[in-house]
Amino acid sequence: MRYWLMKSEPDDVSIDDLAAMPKQTVAWYGVRNYQARNFMRDQMEVGDQAFFYHSSCAKPGIAGIVRISKAAYPDVTQFDPKSPYYDPKSTSEDPRWLNVEVKLERKTRLVSLTELRTHPELEQMRVLQKGNRLSITPVDPAEWDFVTRTLIGAP
DNA sequence: GCCAACGTTGGC
DNA sequence: GCCAACGTTGGC
């Protein structure tokens with residue numbers, strides 16, 4: 001069982017959008033980076049928990065907690081010429097891109113990026129490292145505990 | 001296999 | 001909109 005941080009642009013899918021989805025579940029489509037894909041393919045398991053992180057927006061930060069509800073399978077948007085995530089080099093026989101599905105566990109207060117940066121306990125967190133661009137990053141259990149217990153608190 | 005050019009990410 | 005950092009592409 002592992003912990004993760006998954007970035008989403010709230011203009012695309014926000015924590016409130018997820019809360020409004022049927023079954024509060026959404027396919028994590030659109031990942032077009034091999035390292036992030038490999039995390040989903042090789043390491044993510046149903047039941048893993050992840051921070052739902054708002055990126056590329058006015059208030060970047062952790063907005064909720066989700067759980068992996070379905071293991072990786074081919075991302076349908078790669079085959080759709082109308083999708084911004086279309087990949088003409090990918091074929092259904094040998095799909096290049098995958099997605100898992102996640103289910104909302106709970107919405108949290110917005111723990112901003114600037115707040116995360118103030119805590120020495122989180123210095124090593126992948127998402128805080130300079131130049132980090134990965135949309136899916138592993139979260140150390142100690143970091144997970146610190147954020148959930150100390151910063152977010154009980155539901 | 002190298003590496004320059006180019007495209008993307010994402011905070012500010 | 002800017003720009004640093006990084007990934008990908010493609011010529012050689």
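The sequence lines fix the lettering, A, B, ..., with proteins before strands; numbering per chain opens at 1.
Identified under the salt bridge (charged side-chain N to carboxylate O under 4.0 Å, His left out) test for residues 75-91 of chain A, with sequence neighbours left out: R32(A)-D75(A), D87(A)-R96(A).
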What are the atom names and distances for every N/O pair under 3.5 Å that joins the protein to nucleotides 8-10 of chain C?
none

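A ring-centre distance under 6.0 Å is not found for W97(A) and Y73(A).
Taking atom CD on Q129(A) and atom P on dG11(B), their separation rounds to 14 Å, with Å as the unit. Going from atom CG of L128(A) over to atom P of dG11(B) covers 11 Å, rounded to whole Å. Between the CG atom of N132(A) and the P atom of dG11(B) there is a distance of 9 Å, rounded to whole Å.
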Under 3.5 Å donor-acceptor pairs involving side-chain atoms of residues 14-23 of chain A, not counting sequence neighbours:
unit_1: S14(A); atom_1: OG; unit_2: D16(A); atom_2: N; d: 3.3
unit_1: S14(A); atom_1: OG; unit_2: D17(A); atom_2: N; d: 3.1
unit_1: S14(A); atom_1: OG; unit_2: D17(A); atom_2: OD2; d: 3.2
unit_1: D16(A); atom_1: OD1; unit_2: K107(A); atom_2: NZ; d: 2.8
unit_1: D17(A); atom_1: OD2; unit_2: S14(A); atom_2: N; d: 2.9

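Not counting sequence neighbours, R133(A) has no partner by the salt bridge (Lys or Arg N to Asp or Glu O under 4.0 Å) test. In this structure, the ring pair (Phe, Tyr, Trp, His ring centres under 6.0 Å) partners of Y29(A), at least two apart in sequence or on a different chain, are Y85(A). In this structure, the side chain to side chain donor-acceptor pair (under 3.5 Å) partners of R109(A), at least two apart in sequence or on a different chain, are E115(A). Listed by chain and number, the residues in a side chain to side chain donor-acceptor pair (under 3.5 Å) with T25(A) amount to none (sequence neighbours excluded).
Hydrophobic clustering, defined by side-chain heavy atoms of Ile, Leu, Val, Met, Phe, Trp and Tyr closer than 4.5 Å, groups I62(A) together with Y3(A), L5(A), F51(A), Y53(A), I65(A), V111(A), L113(A), L116(A), L122(A), M125(A), V127(A), L128(A), V139(A), W144(A), F146(A), V147(A), L151(A), I152(A).
Closest contact between the side chain of R133(A) and the listed nucleotides dG7(B), dC12(B), dA4(C) involves dG7(B).
Shown for residues 54-61 of chain A: residues whose heavy atoms fall under 4.0 angstrom of DNA chain B, namely S55(A), S56(A), P60(A).
Checking the phosphate oxygens (OP1, OP2) of dA4(C), no side-chain nitrogen or oxygen of K130(A) falls inside 4.0 Å.
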